[in-house]
Every structure is written in C-alpha cells, then in structure tokens.
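I have placed the structure first, in the form of structure tokens, so that the comments after it can refer back to it.
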2 protein chains.
Amino acid sequence: MTTITARERLINAAVEAFAEKGFAATTTRDIASRAGMSPAAVYVHHDSKESLLFTVSLQGHRHALEIINTAAASTTDPVERIRTMVYDFSRWHADHSRVGRIVQWEYHALTPEHRTEVAVFRRSIERTMQDALTDGVAQGVLDVDDVPGTAFSLLSLGVDLVRWFEPGGSRSAHELASLHAGLAVRMVLRASPSRPPA
Amino acid sequence: MTTITARERLINAAVEAFAEKGFAATTTRDIASRAGMSPAAVYVHHDSKESLLFTVSLQGHRHALEIINTAAASTTDPVERIRTMVYDFSRWHADHSRVGRIVQWEYHALTPEHRTEVAVFRRSIERTMQDALTDGVAQGVLDVDDVPGTAFSLLSLGVDLVRWFEPGGSRSAHELASLHAGLAVRMVLRASPSRPPA
DNA sequence: GTCTATAATGGGATAGAC
DNA sequence: GTCTATCCCATTATAGAC
C-alpha cells in the first residue's frame with residue numbers, strides 16, 4: 001500500500017502551481033489549497049516557498065540526468081546512441097513537461113546556493129551528450145564541427161518542448177521525441193561516401 | 001536629433017526588468033526607478049504593468065516576424081533560404097535576448113485578449129518557415145518528413161537561446177547563429193544521390 | 001500536524017499638489 | 001507631466017490553540 005505523505009502532497013501541489021503560473025506568481029495559499037491544507041501547514045513540512053521549488057527542481061534535475069545517462073549506456077553504436085539519447089531526453093520533457101518547465105524556466109528563482117547545486121547536474125547532462133558525440137566522431141561514424149554547441153542544440157530541442165507542450169495536444173510525446181531523434185541523427189551523421197563529381 | 005520620450009524610457013526600463021527578473025517578480029517601483037521616475041509617473045504613460053508587457057511583447061513579435069519574412073524573401077534557393085532564415089532568426093534572438101525572453105517566456109502573463117493578438121504573429125512566423133520547407137521539398141532539393149514539426153524545431157533552436165544567452169559570453173551571436181544555420185541545413189537537405197549498394 | 005488569526009512587509013494603482 | 005503621500009489589498013511567514 002502506498003501512503004502519500006502531506007509532504008509529498010505539497011510537492012505535487014507545488015509542481016502543478018509553479019508549472020501553471022510560474023514561481024513568482026504562485027502564492028503559498030495556492031499551493032496549500034491545492035494540497036488541501038491551510039497556508040500555515042505548509043511551513044510544517046517545508047521551510048519556505050523557495051525550498052519547495054528547490055526540492056522540485058533537484059528531483060527533476062536528478063531524473064533528467066538519469067534518463068540521459070541510461071540512454072547513453074544502452075548501446076555502443078554511436079548513431080543509435082544519439083538517437084536514443086535525444087529520443088529519451090525529449091520524451092522525458094514531454095512526459096514531464098510540468099517538472100521540466102520548473103527545471104528549465106525557474107532556474108533563476110533558486111537561491112544562489114541552490115542554483116550552484118543543480119548546476120552540477122546540468123553540466124553533467126551536457127557532458128554526457130558531448131561525450132557521445134566525441135566518441136562517434138572518433139569512431140568515424142559521426143561528423144560534428146562544434147561538439148559543445150551541437151550537444152547543446154540537441155538538448156535544446158527537448159528543453160524547448162516544455163515551453164508549450166501539453167498532454168492531449170495535437171502531437172503525442174512519442175511523435176515529438178521521434179521527430180527530434182530523427183533530426184538529431186541527420187545533424188550529426190557523416191555523409192555516406194558518394195562518388196565525387198568527375 | 002533623437003528625442004527619447006518618457007514613454008520610451010519606461011519601455012526600455014520594462015524590457016530590462018522583465019528580462020532580468022520575469023514579469024511577475026518585477027515591481028512597478030523597479031521599472032519606475034530604472035526610468036528615473038516616481039512610481040506614479042508610470043501610470044501617466046501606461047495603463048498598467050501588463051500593458052507595458054504587452055507593448056514590449058507586441059514590438060518584439062512584430063520585429064521577429066519582420067526578420068523571418070525578410071530572410072524568406074532574400075533568395076529563391078531553398079537551401080540558402082533555410083540557412084538565412086535560421087541564421088537570422090537565431091541571430092535576432094541572441095542580439096535581442098532580453099526582448100526575446102519576454103516574447104517567449106512571458107507570453108502567458110499577457111491578458112487573454114493580448115495573447116490572442118500576439119498569437120497571430122506567432123502563427124505567421126511558423127507559417128513562413130513551413131512554406132520555405134514545403135517549397136524546397138517541391139523543388140526536390142529538401143527532404144522533410146514532417147513539415148510543421150521540422151519548422152517548429154528549426155525555430156526552437158533560436159528560441160531556446162533566450163533562456164541562457166548573454167552578450168559577452170563565451171560564444172558570439174554570430175557563432176551560434178551560424179551553428180544553428182549549419183545544423184538546419186543538414187536536417188532538411190536531401191541526401192546527395194549515392195551509388196546504392198550492389 | 002493542523003487549524004485560525006495575525007504580524008510584518010510590499011505590492012499595484014490613485015489622489016491631489018505643483 | 002512629475003512629484004509625495006497614501007489607499008487598499010495580497011503576500012510570506014509565524015504564534016498559539018487544539
């Protein structure tokens with residue numbers, strides 16, 4: 001049997017509210033009311049509104065890093081690795097667009113200390129993508145001019161989903177992730193050797 | 001001689017403040033003080049904080065649409081057209097990252113009426129990119145499975161710049177726009193016909 | 001651990017003098 | 001068209017009863 005603690009109910013409520021209205025525009029009253037509590041009860045479980053944000057953001061960052069690391073380790077074929085990484089990263093952002101929006105858009109609302117803490121995860125995500133590209137280039141399968149820039153651009157496709165994606169819209173998470181994965185492969189694949197013009 | 005009106009000074013101040021802290025976290029006192037005025041003076045020139053946002057957002061949307069339309073009309077070669085459109089759109093978002101951030105991130109802070117008004121520009125931008133892809137496919141030069149999805153993804157690269165780009169950072173606006181333009185062409189270019197495997 | 005009540009602060013917007 | 005002063009309300013967070 002799964003027990004949902006008051007603390008978890010508050011976190012779920014915060015995710016909803018922050019994703020819907022943004023951190024600054026969300027009131028603690030709103031969070032409390034979504035969790036079925038009085039405003040005062042919030043502070044029994046969390047120190048402040050920002051600490052709620054940090055909890056959500058940290059969980060989100062952890063999850064996103066886990067997704068990309070798992071994808072990176074799933075195969076050694078450079079092309080399929082890029083395809084899987086981009087698919088899973090974009091898919092995660094669509095499937096968890098509310099948390100993703102908080103992770104990506106409310107980064108600046110964190111205290112400097114908390115921002116520093118989640119920045120470690122962000123760098124690690126970028127690094128994993130860069131490594132996958134570097135490895136594919138070394139194996140002669142990929143062709144990438146600017147590895148850090150391209151890695152960032154591949155991640156951007158997924159990140160930008162959270163700006164607008166809503167479940168039940170005209171495009172499914174799978175459809176968008178597949179689109180991104182296909183585009184990603186075209187961006188980095190070495191052109192197949194063709195007969196040069198005589 | 002160029003005269004800067006108080007109204008314009010307020011708009012500039014609002015751009016700075018909204019881009020730095022977000023609409024909800026910006027106070028009218030902050031805007032007034034950046035413009036060198038008292039809080040009361042704001043309301044002589046603008047009806048409300050939201051109307052300031054709308055003014056900034058509308059100008060930004062207009063400008064972005066103009067950029068992409070001009071790029072689309074600059075050449076008839078489908079590949080160079082895509083390259084130019086993506087370059088100019090990404091370049092604009094880097095060069096105007098503050099306005100771009102307001103355009104892209106504060107869309108939901110507009111009143112429903114104002115949101116409807118700027119949505120026209122957003123659809124027009126997407127449409128222009130879709131048309132460029134459709135034309136390139138029709139000419140047999142581009143190969144695009146999902147025209148609306150790909151158009152959106154090409155624009156996403158530029159849009160996502162405003163999330164983090166700061167002038168004076170490690171990468172210039174030109175460098176990033178060139179990167180995006182190069183990736184864009186690879187995403188949509190029809191593979192050169194190569195000898196099929198015997 | 002939850003409530004009601006409230007403290008303390010800061011918000012958007014306005015009044016009225018100059 | 002700008003100011004000072006202020007209204008009125010919402011905000012985050014806490015106190016103290018149960």
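As a basis for the values below, the full set of heavy atoms in this structure was taken, side chains included, without hydrogen atoms, waters or symmetry mates. Letters A, B, ... are given to chains in the order of the sequence lines, protein chains preceding strands, and every chain is numbered from 1.
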Looking at B:H46, I'd like to know whether one of its side-chain N or O atoms comes within less than 4.0 Å of OP1 or OP2 on C:dA13.
no

With the threshold set at 4.0 Å, does a side-chain nitrogen-carboxylate oxygen contact exist between B:R171 and A:D146?
yes

Does anything in residues 4-16 of chain A come within less than 4.0 Å of DNA chain D? Heavy atoms only, and list the residues if so.
none

With clusters built from Ile, Leu, Val, Met, Phe, Trp and Tyr whose side-chain heavy atoms come within less than 4.5 Å, directly or transitively, what are the remaining members of the cluster of A:V162, listed by chain and number?
A:W105

In B/S/- notation, 5' to 3', how is nucleotides 3-18 of chain D contacted by protein heavy atoms closer than 4.0 Å?
BB------BBBBB---

Going by the ring pair (Phe, Tyr, Trp, His ring centres under 6.0 Å) test, which pairs reach into residues 115-135 of chain A, not counting sequence neighbours?
none

Which residues pass the ring pair (Phe, Tyr, Trp, His ring centres under 6.0 Å) test with A:F152, sequence neighbours left out?
B:W164

Provide the full list of salt bridge (Lys or Arg N to Asp or Glu O under 4.0 Å) pairs with a residue in residues 17-38 of chain B, sequence neighbours left out, each pair given once.
B:E16-B:R34, B:E20-B:R34, B:K21-B:D30, B:D30-B:R34

Got a sec, which pairs hit salt bridge (Lys or Arg N to Asp or Glu O under 4.0 Å) with one end in residues 111-134 of chain A, sequence neighbours left out?
A:R127-A:D131

Considering residues at least two apart in sequence or located in another chain, which fulfil the side-chain hydrogen bond (donor to acceptor under 3.5 Å, both in side chains) criterion with A:R91?
A:Y87, A:D95

Could you name each residue pair satisfying ring pair (Phe, Tyr, Trp, His ring centres under 6.0 Å) that touches residues 55-74 of chain B, not counting sequence neighbours?
B:H63-B:W92, B:H63-B:H96

